[in-house]
Amino acid sequence: MPNHTPNRIASLQPSATVILAAIGELDRLVACTKYCADVVPEVKSQARTILADSWTANADQILAVRPDLVIAAVPYQEKAVIEILKSGARFLGLAPKSLADIYTDIATIAGTVGASERGETVIARMQQRIEELSARSSGQPRPRVFCEEWGKPLIASQLWVAELVEAAGGEFLGDPGQQISPEEVSRMDPDVIIAAWCGAGDRVPLEKIIRERAWQGTRAAISSRVYCIRDEYLNTPAPTLLQGLDALAYAIHPELFGNTKGIRQITGVSFDTAMNLAP
């Protein structure tokens, strides 16, 4: 029987590349973005064309790799979506907000390439891991956590991160995915502050943002519970989130969970200054 599944996939979104790798279908990938290699180093092992991402898609680039499916995220630049449509390739657009949406995206991509069972296995493993970690933190005090995905303007992390914070035994502060003022965060006085800026890797300047936002008097700063978690571990809506979950668990309940990769703790808060500014 003829095979109607796509054999030449162009991924403009790291999460789609992660999902293809997780279900064992990375060989179908003929082109991806430079950011995909940050989360799926295997893409470097074969010659794959590097394309502009979901923010800056280019129709001519897409046409040049002759894909029979383009996977991208759609809540960004309208002109980028127009460029993808101009290419004439079949287009799968992703716009997840919650963990449930991410599971649906995994099932959708897996079904598109004829790997539905493997997709369901990946989903089940994610759910099991999240449930196991949630059970370990159940009954413990719930530290109040502010988690940001961007610094200027200050934007709280997405809903799926809020769900992971809750699973790790914390209380998420603010409205997920919405802009918030530094003053409002200071008034909420979080016990833990986590920065995972889109595109910044692990390079968020923790000491600088605490100083510039006058957050030295927050409980988080006084106790040095201010962390950077690698961007791709929290902002890639795919199985990679399990690495972010481990980092969140350590930041929120270090007495229960061991240190893990992808997390860095602040080192330069002045205790004397913090105490002087504390209410």
Side-chain angles (χ1 to χ4, degrees), residues 4-33 35-40 42-43 48 51-55 57 62 67-78 80-81 84-85 87 89-131 149 157-167 176-177 196 198-199 230-245 248:
H4 299 292
T5 60
N7 291 309
R8 296 183 59 82
I9 296 177
S11 169
L12 308 190
Q13 193 68 12
S15 60
T17 304
V18 170
I19 292 169
L20 287 171
I23 62 175
E25 296 291 339
L26 201 59
D27 287 346
R28 297 175 186 263
L29 188 72
V30 296
C32 62
T33 78
Y35 304 109
C36 293
D38 291 337
V39 285
V40 187
E42 305 96 282
V43 301
R48 291 184 171 94
L51 302 176
D53 61 18
S54 292
W55 287 83
I62 295 170
D68 44 26
L69 178 67
V70 175
I71 306 177
V74 295
Y76 301 126
Q77 302 288 341
E78 180 181 351
V81 176
I84 296 170
L85 295 175
S87 75
R90 283 188 294 170
F91 172 39
L92 175 59
L94 309 177
K97 295 180 175 63
S98 65
L99 288 174
D101 294 340
I102 294 167
Y103 301 145
T104 298
D105 287 348
I106 294 171
T108 299
I109 292 174
T112 299
V113 299
S116 293
E117 289 188 9
R118 276 174 274 154
E120 292 300 326
T121 297
V122 170
I123 294 168
R125 287 174 179 167
M126 287 184 67
Q127 292 173 326
Q128 180 180 6
R129 174 65 179 140
I130 292 170
E131 290 169 2
E149 73 167 24
S157 294
Q158 295 297 315
L159 177 57
W160 67 71
V161 177
E163 292 175 306
L164 292 178
V165 166
E166 297 289 332
C198 294
R230 288 194 66 88
D231 156 48
E232 55 267 31
Y233 288 177
L234 288 185
N235 298 327
T236 304
T240 321
L241 289 176
L242 294 182
Q243 295 170 303
L245 177 63
L248 286 171

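The line from OH of Y35 to SG of C198 is 11.0 Å long, rounded to the nearest 0.5 Å. In this structure, Q13 CD and C32 SG are separated by 12.0 Å, a value rounded to the nearest 0.5 Å. The structure places CD1 of I19 at 10.5 Å from OG1 of T112, a figure rounded to the nearest 0.5 Å. E166 CD to E163 CD: the interatomic distance, rounded to the nearest 0.5 Å, is 9.0 Å. The CG atom of D53 sits 7.5 Å away from atom CG of L12, with the distance rounded to the nearest 0.5 Å. Note that OG of S15 and CD1 of I109 are 6.5 Å apart. Values are rounded to the nearest 0.5 Å.
Closest approach of V39 and E232 over heavy atoms only: CG1-CB, 3.1 Å. Heavy-atom minimum distance, Q158 versus P176: C-CB, 3.8 Å. Heavy-atom minimum distance, G111 versus S116: CA-OG, 3.4 Å. Considering every non-hydrogen atom in both E120 and A107, the closest pair reads OE2-CB, 4.0 Å. Looking at every heavy atom in both residues, T17 comes nearest to S11 through OG1-OG, 2.8 Å. Shortest non-hydrogen contact noted between L234 and W160 is O-NE1, 2.8 Å.
Residues satisfying the side chain to side chain donor-acceptor pair (under 3.5 Å) test with D38, not counting sequence neighbours, are none. Legend: residues meeting side chain to side chain contact (heavy atoms under 4.5 Å, CB included) with E117, ordered by chain and number and at least two apart, are absent. Scored by the side chain to side chain donor-acceptor pair (under 3.5 Å) test, N235 finds D231 as partners (sequence neighbours excluded). Residues forming a side chain to side chain contact (heavy atoms under 4.5 Å, CB included) with L242 (at least two apart in sequence, or on another chain): M126, R129, I130, L245. Checked against side chain to side chain donor-acceptor pair (under 3.5 Å), E25 has the following partners two or more places apart in sequence or in another chain: R28, R118. Not a single salt bridge (Lys or Arg N to Asp or Glu O under 4.0 Å) links R8 to another residue, sequence neighbours left out. Residues that satisfy the side chain to side chain contact (heavy atoms under 4.5 Å, CB included) test with A100, not counting sequence neighbours, are S98. Applying the side chain to side chain contact (heavy atoms under 4.5 Å, CB included) criterion to Q243, with sequence neighbours excluded, gives Y233, T240, K261. The side chain to side chain donor-acceptor pair (under 3.5 Å) test applied to R125 returns no partner, not counting sequence neighbours.
Checking side-chain atoms of S54 against main-chain N and O of A73 turns up a donor-acceptor pair under 3.5 Å. Formation of a donor-acceptor pair under 3.5 Å by the R90 side chain with backbone atoms of L69 is not found in this model.
If you run side-chain contact (heavy atoms from CB on, under 4.5 Å) between I84 and each of I62, I71, V74, only I62 comes through.
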Checklist entry - What do the steps show when you test L164 against L99 for side-chain contact (heavy atoms from CB on, under 4.5 Å), and what is the final call? => result CA-CA 9 Å; L164 292 178; L99 288 174; 4.2 Å; yes
Checklist entry - When you look at L26 and E42, which way does the side-chain contact (heavy atoms from CB on, under 4.5 Å) test go after all the steps? => result CA-CA 9 Å; L26 201 59; E42 305 96 282; 3.9 Å; yes
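Using a 4.5 Å cut-off on side-chain heavy atoms (C-beta onward), L29 and V40 make no contact.
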